[in-house]
Chemist: 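A single structure is presented below for examination.
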Number of protein chains: 2
Amino acid sequence: MTRAEENYIKTIFHLGGNQAQLISTNAIAEQMETKPSSVTDMAKKLADKNLLNYIRYKGVSLTDLGIKTALSIIRKHRLWEVFLVKKLDFTWDEVHEVAEQLEHIKSEKLIDKIDELLDFPKYDPHGDPIPSKNGDFQERDKQLLSEMPIPSSGVCVGVKDTSAAFLKFLDKHHIALGHEISIVEKEAFDDSLKIRIGGKELQISNQIATNLYVKVE
Amino acid sequence: MTRAEENYIKTIFHLGGNQAQLISTNAIAEQMETKPSSVTDMAKKLADKNLLNYIRYKGVSLTDLGIKTALSIIRKHRLWEVFLVKKLDFTWDEVHEVAEQLEHIKSEKLIDKIDELLDFPKYDPHGDPIPSKNGDFQERDKQLLSEMPIPSSGVCVGVKDTSAAFLKFLDKHHIALGHEISIVEKEAFDDSLKIRIGGKELQISNQIATNLYVKVE
DNA sequence: ATTTAAATTTAGACAAATCTAAAAATTTGT
DNA sequence: ACAAATTTTTAGATTTGTCTAAATTTAAAT
């Protein structure tokens with residue numbers, strides 16, 4: 001598998017190509033910042049390799065083999081992210097682009113040893129679950145902060161947006177995974193929230209609230 | 001820099017292109033298992049980028065920029081090898097091919113942090129020196145076992161051949177870096193050596209002796 | 001000093017991955 | 001339902017890195 005092929009498979013998975021639903025070439029092109037015509041070419045190639053089902057003018061969905069492949073890449077990506085944070089003191093906004101490269105390293109032994117070194121972590125630094133060696137993983141029961149009842153509270157367990165800008169914003173306001181967050185009230189006008197975290201009150205916009213996950217149980 | 005370009009630069013360095021000497025396209029092609037015509041194409045490209053001097057029909061030699069680039073790649077390769085052995089329990093015959101991939105990861109911070117994690121090692125698992133961040137490194141004073149006086153002794157500090165076959169042979173006979181080796185006698189007929197290592201005597205062929213380095217001081 | 005042999009380069013072609021522009025199919029709006 | 005808008009595909013071109021086969025240059029041998 002080439003690096004380009006792996007990136008297509010991974011993107012299609014993230015767009016929901018594991019479910020039965022068909023992903024359009026346009027959606028893939030937009031996500032990958034490439035042109036729909038390039039996606040069409042690659043779709044044919046990956047269909048030939050039995051990694052996805054391609055229906056002309058309709059879109060693609062991953063085959064079982066494609067899903068397995070995607071999970072293997074995502075597993076590597078997330079394990080490397082944990083490694084960078086836990087062993088090399090990277091911050092959570094620095095890991096993505098390096099992990100994008102490391103996820104393509106071909107060595108089963110390498111990633112299994114990294115897994116072991118990290119003591120088999122279940123979640124990456126952004127709270128996303130890490131698929132096991134055999135490809136299964138439990139998505140945590142979680143809810144966007146913006147969808148929580150008011151008032152209520154929960155533990156921050158993940159972020160939806162993983163851009164450096166957003167993560168740095170969270171650092172600045174001392175919001176991190178594992179922190180208890182209480183929702184005090186919602187401003188009806190702009191859906192901004194008054195929250196309580198680490199003993200302090202903080203006003204956050206709806207845009208922030210729709211990108212923060214809280215544990216539900 | 002593409003991966004292919006990096007591999008050319010690294011190979012030319014290892015063939016001696018840092019010295020004033022010119023390396024022939026044939027030599028490069030043979031080392032890289034490619035065709036001389038491909039090397040010619042790449043030589044032009046790298047010369048355009050000021051990474052090497054290319055003289056038609058004569059060969060190439062690295063520029064200062066080319067040497068700096070080569071050292072950076074070699075530094076990464078050797079640091080990753082140390083990482084694999086020290087942190088992930090790889091054996092010294094398993095590290096090369098994985099390091100060949102890892103050496104192309106682009107992140108200054110990553111390799112500096114790996115360096116720090118390993119406590120700034122000076123030599124890789126095969127005894128080869130690791131260039132520092134600013135590109136200088138001290139080649140150890142060493143001698144091939146086959147060129148030592150008889151009798152004499154020294155500490156094993158490196159291997160010339162780093163193939164898995166040779167390294168496994170050494171493991172099998174309990175020869176490792178840091179071990180004291182005494183040369184007892186040389187067989188004039190085939191230049192094989194009787195050596196003493198770890199309290200035991202061992203007969204080794206000239207082919208082995210010409211691939212083992214011993215410290216000189 | 002020629003001829004022969006070896007090394008090197010050029011020319012033209014190919015596969016991978018991408019692009020642009022034009023054509024075809026699908027979806028949308030009325 | 002049919003024209004317009006959108007999406008998707010096709011056709012042809014480009015770049016990178018490679019190859020083969022032919023031409024050229026350099027080195028070796030007599």
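Below, chain A is the first sequence line, B the second, and so on; all start at residue 1. A quick note: this is a predicted structure, and the numbers were derived from the prediction, not measured.
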Chemist: Would you call A/Arg140 and A/Asp128 a salt bridge, taking side-chain N to carboxylate O under 4.0 Å as the test?
Modeler: no
Chemist: Going by number, which of residues 30-39 of chain A have a non-hydrogen atom under 4.0 Å from DNA chain D?
Modeler: A/Pro36, A/Ser37
Chemist: I want to check something: taking the side chain as every heavy atom from C-beta on, are A/Ser146 and A/Asn206 in contact at a cut-off of under 4.5 Å?
Modeler: yes
Chemist: Taking OP1 and OP2 of C/dT18, is either one under 4.0 Å from a side-chain nitrogen or oxygen of A/Tyr8?
Modeler: yes
Chemist: At less than 4.0 Å, is any side-chain N or O atom of A/Lys44 found next to OP1 or OP2 of D/dT9? Yes or no.
Modeler: no
Chemist: Answer yes or no: is there an ion pair linking A/Lys133 with A/Asp112, defined by an N-O contact shorter than 4.0 Å?
Modeler: yes
Chemist: When you check the side-chain N and O atoms of B/Ser192 and B/Glu187, is any donor under 3.5 Å from an acceptor?
Modeler: no
Chemist: Using a strict threshold of under 4.0 Å (side-chain N to carboxylate O), is an ion pair present between B/Glu81 and B/Lys76?
Modeler: no
Chemist: Could you verify whether a donor N or O on one side chain and an acceptor N or O on the other, from A/Trp92 and A/Asp124, lie under 3.5 Å apart?
Modeler: no
Chemist: Dump the pairs, protein N or O against N or O of nucleotides 2-5 of chain C, anything under 3.5 Å, distances to one decimal.
Modeler:
none

Chemist: In whole angstrom, what separates B/Asp41's CG from D/dT20's P?
Modeler: 13 Å
Chemist: For DNA chain C, find the residues of residues 52-59 of chain A with a heavy-atom distance under 4.0 Å and give them by number; none if there aren't any.
Modeler: A/Tyr57, A/Lys58
Chemist: Give the ring-plane orientation class for B/Phe83 versus B/Trp80, where under 30° counts as parallel, over 60° as perpendicular and anything between as tilted.
Modeler: perpendicular
Chemist: I'd like to know if B/Glu100 pairs up with B/Lys10 as an ion pair, taking the criterion as any Lys NZ or Arg NE/NH1/NH2 lying under 4.0 Å from an Asp or Glu carboxylate oxygen.
Modeler: yes
Chemist: Please confirm whether the shortest side-chain N or O distance from B/Asn26 to OP1 or OP2 of C/dT8 is below 4.0 Å.
Modeler: yes
Chemist: Could you go through B/Arg3 and A/Arg3, starting from their C-alpha distance and side-chain angles, then the distance that decides it, and tell me whether this counts as side chain to side chain contact (heavy atoms under 4.5 Å, CB included)?
Modeler: CA-CA 12 Å; B/Arg3 184 173 291 228; A/Arg3 183 171 295 228; 2.9 Å; yes
Chemist: Between C/dC19 atom C1' and A/Met42 atom CE, what is the distance in whole Å?
Modeler: 14 Å
Chemist: Is the phosphate of D/dT9, meaning OP1 or OP2, less than 4.0 Å from a side-chain N or O of A/Thr25?
Modeler: yes
Chemist: Given atom CG of B/Asn7 and atom C1' of D/dT16, what is their separation to the nearest angstrom?
Modeler: 14 Å
Chemist: Is a donor from one side chain sitting under 3.5 angstrom from an acceptor on the other, for B/Gln31 and B/Thr11?
Modeler: no
Chemist: Side chain to side chain donor-acceptor pair (under 3.5 Å) with A/His77: which of A/Glu103, A/His104, A/Gln101?
Modeler: A/Glu103
